[in-house]
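Notes to accompany the following structure.
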Amino acid sequence: MKDLSQIALDKIKKKNIEPCPRWRFVLKNYSWWLAGVVFIFVGGLGSSVVFYMLINNDWDIYQKVGTSLISFALITMPYFWLVFLVLFIFLADYYLKHTKYGYRFSLIKMVSLSIFISILLGGLFYNIGIGEALDKEFYKRVPGYSNLIHNKEKFWMQPEKGLLVGIILEIENNNNFIIKSPRDRIWNIIGDNVLIRRMVDFSIGSRIKIIGEMKDDEVFIAEEVRPWIGRGNMDMQTGGHGMIFFNK
Amino acid sequence: MYTEKECQDKTDEELVKLVLVDQGYFFCLMKRYEKKLFYYILRITGASKEEAEDILQNIFISIYKNLNDFDQDLKFSSWAYRIAHNETISNFRKNKVRAHFNYIPIDEDLANRLVSSLDIEEKVNAKITREVILETMKDMDKKYREVLVLNFFEEKGYQEISDIIKKPIGTVSTLLSRSKKILKKEIKKRNIKF
């Protein structure tokens with residue numbers, strides 16, 4: 001066998017090959033760490049929206065339409081954000097695996113840890129209002145977002161079962177107003193002491209959900225009005241929180 | 001350039017620190033690993049001797065370039081084998097070299113040791129053992145072959161293999177178990193015919 005060590009050393013000297021500086025390796029390792037952490041952080045943001053949507057889901061009305069809890073959950077699950085969360089967790093896993101000792105952790109351990117941290121962050125971000133803010137921003141700015149994430153519009157457009165959704169066109173008072181539902185159907189909304197939830201933006205152009213009873217093809221008797229997103233703060237017991245509007 | 005004798009009382013890790021100051025010490029480090037890595041290349045790729053020599057030179061240059069990345073928390077041997085592993089696989093893929101598997105040095109002791117670890121109840125025909133090992137390794141998926149080579153031929157433990165191929169210990173254990181099953185099945189199959 002040739003003296004390969006000598007040949008290699010001669011090549012190193014001839015080509016003036018030098019060891020790469022340490023800072024490059026340190027920077028590379030930190031970059032992998034940073035990328036992993038960023039993806040976990042973004043996963044946390046996604047999970048805050050999931051928290052927001054699940055907590056503010058209309059869990060109380062599934063029985064009204066004769067659906068099971070599981071069916072209702074499947075219809076209203078925020079699939080977009082769940083996929084978003086899964087994607088970012090796997091991205092985080094990929095980058096963390098490339099850190100110095102990341103390879104020592106199995107996929108299950110890495111993914112479990114990422115999920116745990118994302119959920120923890122998600123809870124924290126939800127509590128400070130980031131989940132709601134993100135959802136509203138996406139709703140405002142991202143075309144098609146509302147159809148993608150809020151397929152509950154279909155669920156709420158069941159006037160024969162007492163559920164209606166639409167955009168406010170005219171307001172006479174809280175017990176008498178007109179809305180336009182999907183497919184441009186016009187509805188006269190009437191009621192007696194209609195309960196308008198705190199977070200409802202009760203103004204022309206605003207999208208709302210209504211619980212009540214269908215009188216005919218054009219008239220709907222309202223019992224309760226909720227904001228399009230969420231239940232509009234169901235908690236009416238806490239002082240200073242729930243302001244309920246009656247006969248304005 | 002320093003001779004092996006001058007370096008013999010120094011550990012690999014000490015030599016790495018010295019190389020970063022004086023290039024001449026690198027010769028000692030290479031000499032320690034020249035034969036081991038050369039046979040390692042042959043065993044995992046089945047390349048010819050000439051191809052293995054070329055690959056080994058690239059490995060040494062790569063080791064030298066990356067010396068500042070060596071972490072003293074790892075054994076130098078694991079780190080060097082890791083570079084060798086990566087360089088070999090990359091070279092093999094790039095050049096699409098046909099595996100020969102004619103040059104793998106497997107002596108009788110080594111073959112018997114490997115077979116005895118497989119817990120084969122029947123008496124194994126010694127003549128076919130080496131032949132079967134070579135044949136089976138040639139056809140084996142690379143991921144099984146590399147852990148088998150590292151464990152039996154390079155005598156690396158699970159943690160070292162994990163550090164070399166950068167996979168969790170659980171994965172290493174599974175791969176090794178499957179590679180042994182494949183080998184056991186082949187040996188039993190061939191042994192029955194005799």
Side-chain angles (χ1 to χ4, degrees), chain A residues 1-37 39-40 86 89-118, chain B residues 1-4 16-17 19-21 23-35 37-39 41-42 49-50 52-71 73-74 79 82 103 158-159 161-174:
Chain A
M1 199 166 99
K2 298 178 210 165
D3 189 347
L4 296 168
S5 302
Q6 187 61 60
I7 295 171
L9 191 62
D10 291 340
K11 228 183 212 173
I12 288 169
K13 282 179 176 162
K14 190 178 173 190
K15 292 186 176 183
N16 285 322
I17 296 171
E18 294 281 331
C20 294
R22 182 150 179 81
W23 65 262
R24 277 170 72 170
F25 301 110
V26 171
L27 181 68
K28 190 177 167 191
N29 194 44
Y30 276 123
S31 302
W32 289 113
W33 265 112
L34 183 67
V37 165
F39 284 123
I40 289 182
V86 166
I89 280 170
F90 276 99
L91 280 169
D93 169 73
Y94 173 81
Y95 283 95
L96 289 173
K97 265 243 150 54
H98 281 78
T99 56
K100 209 148 212 174
Y101 298 109
Y103 64 87
R104 289 182 176 179
F105 297 93
S106 65
L107 178 69
I108 293 174
K109 270 195 192 141
M110 204 61 117
V111 166
S112 304
L113 187 66
S114 302
I115 290 174
F116 176 72
I117 296 173
S118 287
Chain B
M1 193 178 80
Y2 297 88
T3 62
E4 287 164 84
V16 169
K17 286 183 184 164
V19 169
L20 290 169
V21 175
Q23 197 185 66
Y25 281 104
F26 193 52
F27 182 78
C28 298
L29 210 47
M30 285 191 283
K31 270 294 175 199
R32 282 185 190 181
Y33 285 90
E34 188 178 304
K35 208 173 173 186
L37 292 181
F38 180 72
Y39 288 134
I41 296 164
L42 289 177
K49 280 184 179 166
E50 292 73 28
E53 282 171 357
D54 287 338
I55 295 171
L56 184 57
Q57 282 181 50
N58 290 336
I59 288 168
F60 282 146
I61 291 171
S62 192
I63 288 175
Y64 185 71
K65 278 184 181 169
N66 288 284
L67 275 177
N68 276 312
D69 191 29
F70 171 62
D71 191 336
D73 289 340
L74 267 187
W79 185 77
R82 180 193 291 174
Y103 303 108
Y158 283 47
Q159 182 61 63
I161 298 174
S162 165
D163 290 334
I164 290 166
I165 63 173
K166 290 185 98 173
K167 289 198 164 101
I169 283 183
T171 306
V172 169
S173 172
T174 303

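Please read all numbers here as calculations on a predicted model, not as lab measurements.
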(message) Does any backbone or side-chain atom of B:K65 lie under 4.5 Å from a heavy atom of chain A? Answer side chain, backbone, both or neither.
(response) both
(request) Report yes or no: do A:K13 and B:Q23 form a side-chain donor-acceptor pair below 3.5 Å? (result) no
(request) Report yes or no: do A:N29 and A:Y101 form a side-chain donor-acceptor pair below 3.5 Å? (result) no
(request) Go through B:N66, B:N58, B:V19, B:D163 and name the one with the most non-hydrogen pairs under 4.5 angstrom from chain A. (result) B:D163
(message) Less than 4.5 Å to any heavy atom of chain A: does that hold for the side chain of B:L29, its backbone, both, or neither?
(response) neither
(request) Might you point out which heavy atoms bring A:S5 and B:M30 nearest each other, and give the distance in Å? (result) O-CE, 3.2 Å
(request) Anything under 30° is parallel, anything over 60° is perpendicular, the rest tilted; go ahead and classify B:Y64 against B:F26. (result) tilted
(message) What part of B:T171 gets within 4.5 angstrom of chain A, counting heavy atoms only: side chain, backbone, both, or neither?
(response) neither
(request) Look at A:K100, A:R24, A:K28 and state which one has the largest set of heavy-atom pairs under 4.5 Å with chain B. (result) A:K100
(request) Look at B:D73, B:L67, B:V172 and state which one has the largest set of heavy-atom pairs under 4.5 Å with chain A. (result) B:D73
(message) Counting C-beta onward and ignoring hydrogens, is there a side-chain heavy-atom pair between A:F25 and B:N68 closer than 4.5 Å?
(response) yes
